[in-house]
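Reviewing the structure listed below.
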Amino acid sequence: MKLIIAKSAGFCFGVKRAMDIAEEAAQKYPKDLYTLGPLIHNPQAVELLVKLGVKVKDRIENIPRGTVIFRSHGVFFKDLVKAKKKKLRIIDATCPIVKRAQFYANYLHRHGYDLLIVGDSEHPEVEAVRSYIQKKVDVVEDVGAAQKLGPWTKLGIIAQTTQTFNRFKEIVAVCLEKTKELRVFNAICHATTLRQMETVEIARKVDCMIVIGGYNSGNTQRLAAICRESQPFTYHIETAEELHPEWLAKREKIGLTAGASTPSWIIKEVEQRIRYLKKSGVK
Ligand code: SF4
């Protein structure tokens with residue numbers, strides 16, 4: 001059995017930074033420490049933080065006092081205002097690349113462009129970007145949705161950081177035909193592009209692909225979808241226990257990748273379980 005593990009599997013720079021910030025805060029401010037929503041989209045990593053004393057609250061209203069950590073996807077404008085009003089200590093773990101996307105959105109808005117975001121309208125990163133713009137912001141996920149919009153006089157486009165470049169390009173091409181002036185900022189995170197490219201390469205070489213990451217993680221879902229285009233035997237799991245032995249039967253080349261919020265210890269456990277199952281006779 002050959003097991004190919006993606007070099008890019010697991011924590012990206014922004015998620016690792018957010019986890020480091022939270023762990024450091026847990027030492028510094030052991031009392032009344034909260035994250036607004038789960039710090040990252042991985043239930044097992046969030047559980048680990050809870051054990052360190054970092055509590056999760058969905059609303060600023062439910063944080064009575066102390067310290068609040070803003071997660072890597074960024075924070076809604078109204079929550080920032082509320083946190084300041086309540087005089088909470090704020091630790092901002094927003095990924096600098098997400099901040100850059102927020103900067104582009106504000107820049108376009110200030111310069112009179114209508115704003116279009118290529119991304120998932122319900123993703124917290126997109127919702128956070130929108131919350132700072134005092135005007136309607138369109139969000140599209142595919143070419144079909146973009147075709148229904150416009151025309152515009154001045155249009156600015158940015159992408160959610162974890163979008164695929166090809167889809168972004170296609171949507172930009174559609175909008176170009178419907179506007180007099182177009183400004184495009186490619187806010188796609190390089191780490192995401194590299195991870196997706198490496199994953200496709202592996203998926204084409206193997207006869208089964210395992211994708212590890214939170215079911216609530218958009219970038220993991222996208223990785224699994226990309227894999228399925230090249231490898232129909234693609235399975236998305238959160239933990240090693242979810243691995244079904246029959247998935248590996250008759251598979252001699254197995255690929256392994258993981259989303260940006262998947263901790264390395266979970267990847268290791270899955271790797272060990274695959275090796276164990278193959279050794280113990282799953283044919
Ligand atoms: S995927 Fe990219 S943008 Fe998102 S948190 Fe990680 S480094 Fe930041």
Side-chain angles (χ1 to χ4, degrees), residues 6-25 35-46 48-49 54 56 69-76 79-80 91-107 117-132 139 141 157-168 184-200 211-227 236 238 257-267:
K7 289 192 186 77
S8 57
F11 281 0
C12 62
F13 146 77
V15 166
K16 184 176 179 321
R17 179 176 172 275
M19 285 294 284
D20 288 347
I21 288 174
E23 285 174 23
E24 204 180 297
T35 59
L36 186 59
L39 186 73
I40 62 172
H41 280 157
N42 185 276
Q44 293 73 28
V46 170
L48 177 92
L49 289 175
V54 187
V56 184
I69 305 173
F70 293 149
R71 55 192 178 169
S72 48
H73 296 313
V75 64
F76 291 7
D79 290 328
L80 177 65
I91 298 179
D92 189 0
T94 308
C95 173
I97 298 165
V98 172
K99 283 244 177 205
R100 190 179 59 183
Q102 292 173 345
F103 170 81
Y104 290 149
N106 283 316
Y107 176 91
I117 302 176
V118 176
D120 168 1
S121 61
E122 285 173 20
H123 192 282
E125 179 194 317
V126 173
E127 289 186 330
V129 171
R130 282 172 114 175
S131 73
Y132 289 84
V139 181
E141 217 172 340
I157 308 182
I158 63 163
Q160 183 184 345
T161 55
T162 48
Q163 285 298 300
T164 55
F165 184 65
N166 279 346
R167 187 190 298 172
F168 184 53
V184 180
F185 284 111
N186 179 1
I188 295 175
C189 166
H190 195 52
T192 303
T193 309
L194 286 181
R195 183 189 309 265
Q196 289 170 347
M197 278 164 58
E198 191 193 13
T199 296
V200 171
V211 183
I212 320 163
Y215 294 122
N216 58 348
S217 156
N219 83 83
T220 309
Q221 289 168 10
R222 210 156 297 121
L223 267 190
I226 291 170
C227 283
H236 176 180
E238 256 186 19
T257 189
S261 44
T262 310
S264 56
W265 84 81
I266 297 183
I267 301 172

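By convention here, the first residue in the shown sequence is residue 1. As the structure lists them, so they are numbered: ligands from 1, and atoms in each ligand from 1.
Judged by distance alone, with hydrogens and angles left aside, the side-chain atoms of N219 form no donor-acceptor pair with the main-chain N or O of G259 at under 3.5 Å.
Per-residue contacts place T192 under 4.0 angstrom from the following atoms of ligand 1 (heavy atoms of the residue considered): 1 (S). Interface of C95 with ligand 1, defined as ligand atoms under 4.0 Å from a residue heavy atom, comprises 3 (S), 5 (S), 7 (S), 8 (Fe). Within ligand 1, the atoms closer than 4.0 Å to a non-hydrogen atom of I97 are 3 (S), 7 (S), numbered from 1 in the order shown.
Under the 3.5 Å distance criterion, with hydrogens and angles disregarded, no donor-acceptor pair is assigned to the side chains of T162 and T192.
Between I21 and the choices E24, R17, M19, E23, the side chain to side chain contact (heavy atoms under 4.5 Å, CB included) rule is met once, by R17. For the side chain to side chain contact (heavy atoms under 4.5 Å, CB included) test with H73, the passing option among Q160, E125, E127 is E125; the others fail.
The protein atom (non-hydrogen) at minimum distance from atom 7 (S) of ligand 1 is G14 N, 3.4 Å. When hydrogens are left out, the protein atom nearest atom 4 (Fe) of ligand 1 is T161 OG1, 4.0 Å; that is the closest non-hydrogen contact.
At a heavy-atom cutoff of 4.0 Å, ligand 1 is contacted by the side chain of C12 but not by its backbone.
Considering only heavy atoms from C-beta on, I40 comes within 4.5 Å of F11 through its side chain. Residues R195 and C12 are in side-chain contact: their nearest non-hydrogen atoms beyond the backbone lie under 4.5 Å apart.
Atom 8 (Fe) of ligand 1 does not have C189 among its coordinating residues (no N/O/S atom, backbone or side chain, under 2.8 Å).
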